Amino acid sequence: MASRLSFNLGNFGLKFNTKNYKMKANQIYVNLPVKDVQKTKEFWTKLGFSINEQFSDDKAACVVMKEDSIYVMFLVEEYFRTFIDRPVAPANTTQVLVAIGLNSREEVDHVVNTALQNGASQHEEPEDYGWMYQNSFWDINGHGWNITFADPSQMPAQ
């Protein structure tokens, strides 16, 4: 039997009941270590993404992937270490591969080609599944990015 968690929300008398509740995140922040915040900001703005200056400084760059909901916090390694109790992964290892979906195949190729022109390296060759297309790169800090476009209405029946 699933556990049932309820608690009182302040003086409002509201109860939170997890029995039938489906959790939904309203924002996502991905935190990644980098060597040079300024070069990282320049790289991502060249790809067409904006920087949230309110959450950026000489130790961090907040790249807006989707306004009001998805952000990547690129933190200089020394600052990144203040959030963890493990060592930062060496540059020749991979602990995460981030995938982002865009609105068209053309956008996918534009972002990847722009990344490659600005110091990134190709991760894998593009793959076209008919209903889904992906291309990928390693950014200037060694982080892996799969850039995708998908049209689920074209997905073949199983």
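In this text the structure is predicted, and so the values were computed from the model without any measurement.
Remark: W44 engages F49, F74, W145 in a ring-ring contact (aromatic ring centres under 6.0 Å, His included) (not counting sequence neighbours). With sequence neighbours excluded, the residues satisfying side-chain contact (heavy atoms from CB on, under 4.5 Å) with S153 are D151. Residues meeting the side-chain hydrogen bond (donor to acceptor under 3.5 Å, both in side chains) test with E42, sequence neighbours left out: Q38. Every residue two or more places apart in sequence or in another chain was checked for a ring-ring contact (aromatic ring centres under 6.0 Å, His included) with H143, and none qualifies. Y133 is linked by a ring-ring contact (aromatic ring centres under 6.0 Å, His included) to nothing, counting only residues two or more places apart in sequence or in another chain. Under the side-chain contact (heavy atoms from CB on, under 4.5 Å) criterion, E78 pairs with V76, R81, sequence neighbours left out.
Between the CD1 atom of I100 and the CD atom of E107 there is a distance of 10.0 Å, given to the nearest 0.5 Å. Note: I51 CD1 to T45 OG1 = 6.0 Å, rounded to the nearest 0.5 Å. Atom CD in Q27 sits 10.0 Å away from atom CD1 in I70 (nearest 0.5 Å). Here the NE2 atom belonging to H110 is positioned 10.0 Å from the OG atom belonging to S104, to the nearest 0.5 angstrom.
Closest approach of N135 and Q122 over heavy atoms only: OD1-NE2, 2.7 Å.
Side-chain atoms of T40 come within 3.5 Å of backbone N or O of D36 as a donor-acceptor pair.
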Trace of the side chain to side chain contact (heavy atoms under 4.5 Å, CB included) decision for L102 with V111: CA-CA 9 Å; L102 298 179; V111 166; 3.8 Å; yes
Does the side chain to side chain contact (heavy atoms under 4.5 Å, CB included) test come out yes or no for Q134 and V108, once each step is laid out? CA-CA 7 Å; Q134 69 182 30; V108 169; 5.9 Å; no
Do L75 and L32 pass the side chain to side chain contact (heavy atoms under 4.5 Å, CB included) test, and can you show the C-alpha distance, the side-chain angles, and the key distance before you say yes or no? CA-CA 6 Å; L75 310 173; L32 298 172; over 6 Å; no
Side chain to side chain contact (heavy atoms under 4.5 Å, CB included) assessment of Y71 paired with N31: CA-CA 9 Å; Y71 307 89; N31 295 279; over 6 Å; no
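Chaining together hydrophobic side chains whose heavy atoms lie under 4.5 Å apart leaves L97 on its own. When hydrophobic residues (I, L, V, M, F, W, Y) are linked wherever their side-chain heavy atoms come within less than 4.5 Å, the members clustered with M155 are Y129, W131, M132.
Put simply, W138 and V96 are part of two different groups of oily side chains (I, L, V, M, F, W, Y) that touch within less than 4.5 Å, one to the next. Residue V37 is grouped with residue F43 when hydrophobic side chains (ILVMFWY) are merged at heavy-atom distances under 4.5 angstrom, including chains of intermediate members.
Looking at heavy atoms from C-beta onward, K39 lies in side-chain contact with I140 at the 4.5 angstrom threshold. H123 places a side-chain heavy atom less than 4.5 Å from the side chain of N146.
Under the side chain to side chain donor-acceptor pair (under 3.5 Å) criterion, the residue pairs touching residues 111-121 are K46-N118, with sequence neighbours excluded. Applying the ring-ring contact (aromatic ring centres under 6.0 Å, His included) definition to pairs two or more places apart or across chains, those involving residues 80-106 are Y79-F83. Note on residues 116-131: pairs passing salt bridge (charged side-chain N to carboxylate O under 4.0 Å, His left out), not counting sequence neighbours, are R105-D128.
Side-chain contact of S69 with N26: a donor-acceptor pair under 3.5 Å is absent, judged by distance alone.
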Name the atoms and distances for all side-chain donor-acceptor pairs under 3.5 Å in residues 57-64, with sequence neighbours left out.
unit_1 : atom_1 : unit_2 : atom_2 : d
D57    : OD1    : K59    : N      : 2.7
D57    : OD1    : A60    : N      : 3.0

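P33 pairs in a side chain to side chain contact (heavy atoms under 4.5 Å, CB included) with only one of the listed residues (N141, I84, V88), which is V88.
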